[in-house]
Engineer: 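Before I ask anything, let me first share the structure, which is written out below as C-alpha cells.
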Amino acid sequence: MSRPNQTVNIYFDSPKNFEASNILPLNGIAGLYFIFSSSIQIQYPFDKSRLLYIGMSEKRTNSIGSRLNGHFGGKSKNVGLTNYRQVEPLWFTYINFDMLKNIWAYRIEDLESYFILNFVQHFGVYPICNNKTGLDVMSNNIATHFKIDWNYFK
Amino acid sequence: MAIKIKQLEITGLRGIRDTLSLALGEKSVLLYGDNGTGKSSISDSVEWYYTDAVSHLSGEEIDLKEALRNAYFASEEESNISVNYNKAVINSQKKLLTKKGKLVSEYSNVTTDFSNYLESSKKENLILRYQFLRDFIDRTKGDKLKNLSDIIGFSEVTKIKDVLRKSFNSLKSEIKSQNFENQINTQKQTLIEKIGAAVSQENNFYEKINEIIADYGTGITVGLMEDVDKVLLKLKTPVTTKIVAELRFLETYQSSLTTLKTEIDLIDKEYDKYFKEFEKIAADVQSIMQTYFAEMLKSGCNLISKKFHTESSCPLCLQPKDLNDLQSEIKVRLLEIEESSKKKAVFDNAKISATAIVDERIKRLATLGSEVLISDTSNSTAKNALDELKKKMEAYKKAISEKVTSGNKIAIPNSLKLVDRDFSELKAVLGRIEKIKKALATDNTTLLFANISAAKDAFQKIKKFEAEREKLEAQKKSLGIIFDGFVKKQKDGLQDFIDNFSDTINEFYQYMNPGELFEEIRIVTMGEENELNGITIEFKYKGNWVSPPQKYFSESHLNCFGISFFLASVIAFNKENKFLLLDDIISSFDTNHRKRFADLLFEKFADYQIILLTHEEQWFQYVKQISKRKGWIIGKIKWTETKGTHLDENPSDLKELVEADLTNGNVTLLGNPIRKYLEYILKTICFNLEVKLNFRYNEVNEKRMPDEMINELKAKINKASAELKLKLPIIERLTSSNVFGNLLSHDNPFDPKIGDLKAFWNDIIEFESVFKCQQSTCTKPQVSLKNYDTVAKKIRCGCDATKYDWK
C-alpha cells in the first residue's frame with residue numbers, strides 16, 4: 001500500500017530497559033534510537049511526553065549499540081541523560097534503518113532530521129536532551145512521509 | 001571423628017595386578033619405590049576412589065575406566081580398591097567390573113553415611129603429586145592460576161566454569177547465525193509494503209488494520225488475531241484464492257532471496273575468517289597432526305616410565321633409542337603439541353561458526369524449496385535459480401567440511417561469494433508481482449485480502465522471531481549473570497583463602513627456606529573487579545616486593561611454595577579427613593629442602609596420617625630414620641611382570657625369582673637371592689624346632705649365616721630325632737657344596753657355573769621339603785614343636801602328614 005507520496009505509519013517496538021545487556025546486541029545496526037523516561041512526563045510547549053532524546057547511528061561501525069553505550073557509560077557527556085538516569089530508570093527503543101531503505105531514499109542523517117522536526121511540530125521544541133541545533137530543514141517534496149506514533153512516549 | 005585409614009587394598013588397578021595390601025592401622029606410612037614400580041598406581045587408585053577421576057589421565061581421548069584397569073587383567077576379573085577407616089560405617093570398596101560388555105564402577109557401601117562422607121571428602125585436598133608442582137613452575141599467570149586452583153581443589157570449579165562459558169558461547173553463535181534482526185526487518189518491509197506501517201506490537205497492528213478496513217463496511221472491529229481471520233474470510237472469494245496464493249508464493253520467494261542477498265557480507269565475513277584459519281593450519285599441518293599423536297606419545301611415555309618397556313628402543317617403532325633421551329624428546333613434543341592445540345581451537349571455533357551460518361541459510365533455502373508452487377511449470381526458472389543458489393551454499397558447506405589435514409586446498413573466498421548475478425531471477429519475480437498487483441488494482445477487495453493476508457503472515461513471523469530471539473537472549477543473559485557470579489565467587493573464594501592463609505603459606509615456606517633473602521612471600525590475584533585472569537607470586541627481596549617469582553626463585557623454591565600452598569589448603573579445607581597422600585613431591589628438591597620438608601611434615605603435621613611415596617633413595621633413608629622413631633610403617637614397592645606392583649619381596653617371591661633366573665640361565669645376579677632364601681628357610685626351621693644359637697657381637701655377626709644355623713640344627717637333630725637323622729645326608733650335601741661356601745658372605749666373589757647352582761638349588765628345595773609338608777591342603781605346613789604330639793612324641797605339620805620322632 002506504500003506508494004510515492006505515501007504516508008507510512010511508524011510504530012515502535014516494545015521498550016527495552018536502558019542497560020548494558022540490552023544495548024550489546026545492537027552492535028552493527030544503523031538507524032535511529034529513542035531514549036525515554038519510564039514515568040516522568042516532560043511538559044513540552046504543545047504536549048507532554050516521556051521522550052528525552054532522539055539519536056542516530058549513521059553507519060554499522062559506529063552502530064546504535066556503540067552510540068547507546070556511549071550514553072550509558074557517560075562518554076557522550078550528555079548531562080541531561082545522565083541526570084535523568086540517576087533519578088529513575090530509562091527505557092529505549094530503536095528503528096533499524098534497513099527496514100526503511102526501500103521507501104527512504106535519503107541518508108540516515110536526513111531521517112533523524114525528519115523525526116526531530118516532526119517532534120518539534122508536535123511538541124514545540126526539540127526533545128529535552130537533544131542539544132543539537134542547526135538541523136537541516138527537510139524539503140516537503142520528499143516521496144515518503146511518516147506518521148510517527150508519538151503517543152508511544154505518553 | 002577425624003577420619004584415618006586402617007586398611008587399604010588395591011587389586012587390578014593401573015600397575016597393581018595382584019592385591020596390594022597396606023595394613024595401616026591409622027598409622028602413617030613411608031613407601032619407597034623406584035620409578036616405574038607403581039607408586040602412582042596407589043595415588044591414582046585413591047584419587048579415583050574419591051573423585052571418580054584421575055587428573056593426569058583426564059583427556060577426551062582417554063577412557064578413564066580402561067586406563068585404570070591393569071593391562072593384564074581379563075575382562076571377567078574385577079578390579080577394586082577397598083578402604084577401611086577408623087569409622088567402620090563408611091568402609092567401602094569401589095569396584096571396576098564388566099557388565100553387559102561395558103566397564104562400570106560401583107561402591108559396595110550405599111549408605112547415606114558413606115555418600116555424605118564421600119561428598120564432603122570431594123571438597124578436601126587429599127593428594128598432592130610432584131606433577132602438579134612441576135607443571136606449576138613455568139606456567140603463565142593464567143595457567144598458574146589453574147595449577148594452584150588444582151592444588152587447592154578448585155579444578156571442579158574450573159570445569160564448571162568452562163561448561164558455563166561453552167554454553168554461553170553456543171547461545172551467542174546461535175543468535176548470530178539466525179540473524180534475527182535481519183529477518184525481522186525483512187518482515188517489517190513487507191508490512192510497510194502491504195499496510196503502510198512498521199509494526200511489531202499487537203495493538204498497533206490491529207489499529208492499522210481497523211484503519212484500512214474502515215471504508216469496506218465489514219462490520220468487524222479487529223481486537224484479536226481471530227478478528228483478522230474473520231475479516232479475511234469476509235473478503236475471500238473463489239477467484240481471489242488462486243491469485244493470492246501465487247502472489248504470496250512469489251512474495252515469499254522474493255523476501256527469502258532478498259534476505260539472503262543482504263546476508264552476503266555476513267556469510268562472506270565468516271567464511272573469510274574460516275579460510276584464513278584453514279590456510280594457517282594447512283601451512284603447518286604437521287603441528288596439527290601432532291595433536292592427534294598426543295595420546296599416543298603419552299602412552300609411549302607411560303610404557304617407559306612404568307617399565308612395561310625396558311629395551312633400549314622406542315616402544316612404538318622399535319628403533320634403537322636411549323630411553324632417557326626418548327623420554328626427554330617426548331616431553332618436548334608434548335609441549336609443542338600444547339601450542340598446536342591452542343591454534344587448532346581457534347580454527348575449530350571459526351569452523352563451528354561458519355558451519356552454523358551456512359547451515360542456517362541452506363535450511364532456509366530448503367524451506368523455500370518445499371513450497372508447493374515451486375514445482376509449478378510457471379515457476380521453473382525461479383526453481384532453477386533457487387537450485388543454483390542452493391548449489392552455491394553447498395559449495396560453502398563443502399569447503400568448510402574439508403579436513404584441514406587432507407592436504408587439499410579449499411576455495412578462496414571470492415570464488416564462492418554470492419554476487420548480484422545469483423539474484424537476477426529476483427527482477428523477473430518482481431515483475432510478476434507487479435503484474436499481479438496491477439491486475440488486482442482494479443479489484444479492491446482482492447487486493448485488500450492479499451495485503452491483509454500477507455501482513456498477518458509477516459506480523460506473525462515477526463512475533464515468532466521476536467519470541468525466539470527473546471528466549472535465546474534471556475538464556476544468554478541468565479547464563480551471563482551466572483557466569484559472572486561464578487567468576488566472582490571463585491575470585492572471592494580464592495582471595496579469602498589467600499587472605500586467611502597467606503601467613504600460614506609464608507610460615508611453611510620460611511620453615512623450608514630459613515635465613516634466605518626472600519623475607520616474605522605473598523600471592524596476588526590478577527584481574528579488574530570481578531574478573532579473575534590469573535595469579536602471581538610476589539616476594540620481598542632486600543626490602544622490595546618482586547614479581548614474577550622466576551626472577552630469583554630456583555625450582556626448589558617454587559616447589560617449596562607449591563607445597564606450602566597445598567599444606568595451607570589442607571589446614572583450610574580438610575575438615576573430615578585427617579590423612580594425606582603425597583606422591584613423590586620432593587623429586588626436584590635439592591638436599592637441604594628435602595630435609596627441611598621432612599622436618600616440616602613431622603613437626604607441623606604430626607597429628608595427620610601421611611601416606612608418603614618417594615623414589616629418592618637418600619631421602620627415603622633420611623625419612624626412614626625419623627619415621628621409625630615416630631612409629632610409621634615403612635615399606636618398599638616393587639614391580640615384576642608376573643605380579644605387577646607389590647610390596648617388597650617375601651620369600652615366595654624370591655623362590656619364583658630364583659627359579660625363573662635358573663630357567664633363563666641368568667647366573668650373575670642369583671647369589672644374593674639364593675643366600676637370602678636359604679637364610680630364610682633355615683631361620684624358619686630353627687625357630688620351629690627351637691634350635692638355639694649363641695649371641696654374637698656385630699663384628700662377627702656375619703657368622704649368623706647358614707653354616708652356623710645348619711651346624712646347630714644338625715646337633716639338635718642328632719640329639720632329638722632318629723628319623724630325622726636319616727635325612728642328614730641331604731644336609732651334608734648342602735654344606736659340602738662349594739657354592740654354599742661362596743654364599744656365606746655378602747661380599748664373597750662369586751663365579752659359579754649354572755649346573756652347580758641348579759644342583760645346589762635342588763638341594764635347598766629338598767632340604768626345605770624335609771621340614772615342610774607337601775600336602776596342598778595343609779594349612780600349617782611347617783614341621784614345628786608347636787604341633788608336638790605329646791602321646792606319640794613327634795614333631796609334625798598341621799595335617800599330621802609329615803612327622804618325625806622328637807625327644
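Letters A, B, ... are given to chains in the order of the sequence lines, protein chains preceding strands, and every chain is numbered from 1.
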Engineer: Checking Y94(A) against chain B: side chain, backbone, both or neither under 4.5 Å from a heavy atom?
Structural biologist: side chain
Engineer: Go through the atoms of F12(A) and report whether side chain, backbone, both or neither lie under 4.5 Å from a heavy atom of chain B.
Structural biologist: backbone
Engineer: Taking only Lys NZ, Arg NE, NH1 and NH2, and the carboxylate oxygens of Asp or Glu, determine whether R469(B) and E466(B) approach each other closer than 4.0 Å.
Structural biologist: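 No, R469(B) and E466(B) are not salt-bridged.
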Engineer: Is S21(A) close to chain B through its backbone or its side chain, or both, or neither, when contacts mean heavy atoms under 4.5 Å?
Structural biologist: side chain
Engineer: Could you tell me whether K230(B) and D227(B) have a side-chain N and a carboxylate O separated by less than 4.0 Å?
Structural biologist: yes
Engineer: Would you call E251(B)-R248(B) a salt bridge at under 4.0 Å N-O?
Structural biologist: no
Engineer: Among the options I10(A), I95(A), I29(A), pick out the one with the most heavy-atom pairs lying under 4.5 Å from chain B.
Structural biologist: I29(A)
Engineer: Looking at N96(A), N102(A), D98(A), which has the largest count of heavy-atom pairs under 4.5 Å with chain B?
Structural biologist: N96(A)
Engineer: Just grab all the salt bridge (charged side-chain N to carboxylate O under 4.0 Å, His left out) pairs involving residues 8-27 of chain A, residues at least two apart or on different chains.
Structural biologist: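 Those involving residues 8-27 of chain A are D13(A)-K188(B), E19(A)-K477(B).
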Engineer: Go through the atoms of T262(B) and report whether side chain, backbone, both or neither lie under 4.5 Å from a heavy atom of chain A.
Structural biologist: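 The side chain, not the backbone.
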Engineer: Does any heavy atom of chain A fall under 4.5 Å from the side chain of E473(B), the backbone, both, or neither of them?
Structural biologist: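 Just the side chain, heavy atoms under 4.5 Å.
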Engineer: What do you reckon, is NZ of K172(B) surrounded by more than 12 foreign heavy atoms closer than 6.0 Å?
Structural biologist: no
Engineer: Taking 4.0 angstrom as the limit, do K261(B) and D422(B) come out as a salt bridge?
Structural biologist: no
